[in-house]
Student: 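If you scroll down you'll find the structure; I have some questions about it.
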Amino acid sequence: MTIRLYDTSARQIRDFSPLKPGCVSIYLCGATVQAAPHIGHIRSGLNFDIMRRWFEYRGYDVTFIRNVTDIDDKIITKSADQGRPWWSIGYENERAFNDGYAVLGCLPPTYEPRATGHITEMVEMMRGLIERGHAYEADGNVYFDVRSFPGYLQLSNQELDNLQQPSGVGETGKRDPRDFAMWKSAKPGEPSWETPWGRGRPGWHLECSAMAHKYLGPAFDIHGGGIDLIFPHHENEIAQAKAFGDEFAMYWVHNAWVTMSGEKMSKSLGNSVLVSEMVKTWRPIVLRYYLGTPHYRSMIEYSEEALREAESAFARIEGFVQRVVEKAGGVVEPAAEVPPAFAEAMDDDLGVPQALAIVHTTVRQGNSALAADDKEAAVARLAEVRAMLGVLGLDPLDEQWAGEGDRGEDLHGVVDTLVRMVLDQREAARTRKDWATADAIRDQLNQSGLVIEDGPQGPRWTLGPR
């Protein structure tokens, strides 16, 4: 058993070998909390949740760090525009992110540090970099000297001569326009902290280098994030950490975007779809299926049609689960191990699409067993399906999703009573061989969104895809 991952820095799939046997350390760039999360934001957390679950299934002890950037230019701008404290905006949106992660079934991180809680660590890192000749102070700002670090730009595979470094307001005194800010001098009305170089606030890149060092040490296994973070954020993280003396991350893993009309989903582009709004229309477990089942390195083009297809696909799985539970007369526990083909797919760079194909194949086998009234085989297939879905965080019988059924349990009972009355009328029509009336009743129920299936125990109804 060897897990293999695509390493952005190596530009190839590599065998995973942890620094510490039996343990995996992961740092994921989390939310910048200037706004509530859209589904593109949450996709990253969901992809790495599946990675974490797979490592844990394979027996690893996982330390998973997902940071919160609670101070940056956009938060400060919103604070001024709205006349609200910067920390109020940050905390409100941090809670919205955590709600989004939770509603889609992401396990909580081992630690979730905030940038503003680690100013001391940032100052220590800047002091060390200045002493080593990799950083300098100018006009109250502290900059990283990119020419002092020979490995700069290896992750993003750029040439230094062609580099266009993003630069913020007030970044004066640079020796080279390609140098980047680790610390920004205080401006009137902005939050600031005291340092040996004057009051100011942290730059985005310094935060993650300092927090990764604090929680995972000078070397750790995997650094993750979206592909948009490769440059400048991750490139600058590497420069700071390695110039400070850390080995930093052994593997760099990046997830692709959710796009709309071919463009990255973004608040600034006005094309974002908020998680809080999506869960009003779509069941959270269906959203998890939609966002989590494409390969993490593949773009997802958002559309209502794609969501409906995901809903239909998951309904086929869920329907099988429900039918076997009914036939078994109780809950069927997950198998101790997933099928070998599923494990092989997951080991190969988290091949969720290939693994999901095994799920659907097993569901078809289970449905065939149900049709043949082979209870033992159907139960065995369900046990395998539950084991596989559990790894993906998609097991509808898991307590994580229990609330989904509870939300409308009272209403479900009322609907069930009404549908049963109609089905009794249909059965009476079938008994007297009035096939036209029986078919008309079934068609009317189908048009209302219900799917009627005739089985050995009589007809049963389920909600069909929208």
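Reckoned from all heavy atoms, side chains included, excluding hydrogens, waters and symmetry mates.
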Student: For Thr293, which residues count as a side-chain contact (heavy atoms from CB on, under 4.5 Å) partner, sequence neighbours excluded?
Tutor: Tyr289, Val352, Leu356, Leu394

Student: With sequence neighbours excluded, what pairs up with Asn98 under the side chain to side chain donor-acceptor pair (under 3.5 Å) test?
Tutor: none

Student: Does Arg175 make a cation-pi contact with Tyr143, if we ask for NZ or CZ under 6.0 Å from the ring centre and within 45° of the axis?
Tutor: no

Student: Is the NZ or CZ atom of Arg132 both under 6.0 Å from the centre of the six-membered ring of Phe244 and within 45° of that ring's axis?
Tutor: yes

Student: Can you give me every donor-acceptor pair (side chain of residues 335-347, partner residue at least two apart or in another chain, under 3.5 Å) with its distance?
Tutor:
{"from": "Asp347", "atom 1": "OD1", "to": "Trp54", "atom 2": "NE1", "distance (Å)": "2.9"}
{"from": "Asp347", "atom 1": "OD1", "to": "Arg58", "atom 2": "NE", "distance (Å)": "3.3"}
{"from": "Asp347", "atom 1": "OD2", "to": "Arg58", "atom 2": "NH2", "distance (Å)": "2.6"}

Student: Just to verify, what does Arg53 make a side-chain contact (heavy atoms from CB on, under 4.5 Å) with, not counting sequence neighbours?
Tutor: Asp49, Leu107, Arg288

Student: My understanding is that only residues two or more places apart in sequence, or in another chain, count here; which of them pass side-chain contact (heavy atoms from CB on, under 4.5 Å) with Pro108?
Tutor: none

Student: Mind checking whether His223 and Phe220 have parallel, tilted or perpendicular rings, split at 30° and 60°?
Tutor: tilted

Student: Does the Lys NZ or Arg CZ of Arg43 fall within the cation-pi geometry relative to Tyr296 - under 6.0 Å from the ring centre and within 45° of the axis?
Tutor: no

Student: Take the angle between the ring planes of His234 and Trp252 and call it parallel below 30°, perpendicular above 60°, tilted in between.
Tutor: tilted

Student: Is the Lys NZ or Arg CZ of Arg14 less than 6.0 Å from the centre of Tyr6's six-membered ring, within 45° of the axis?
Tutor: no

Student: Just to verify, what does Gln154 make a side-chain contact (heavy atoms from CB on, under 4.5 Å) with, not counting sequence neighbours?
Tutor: none

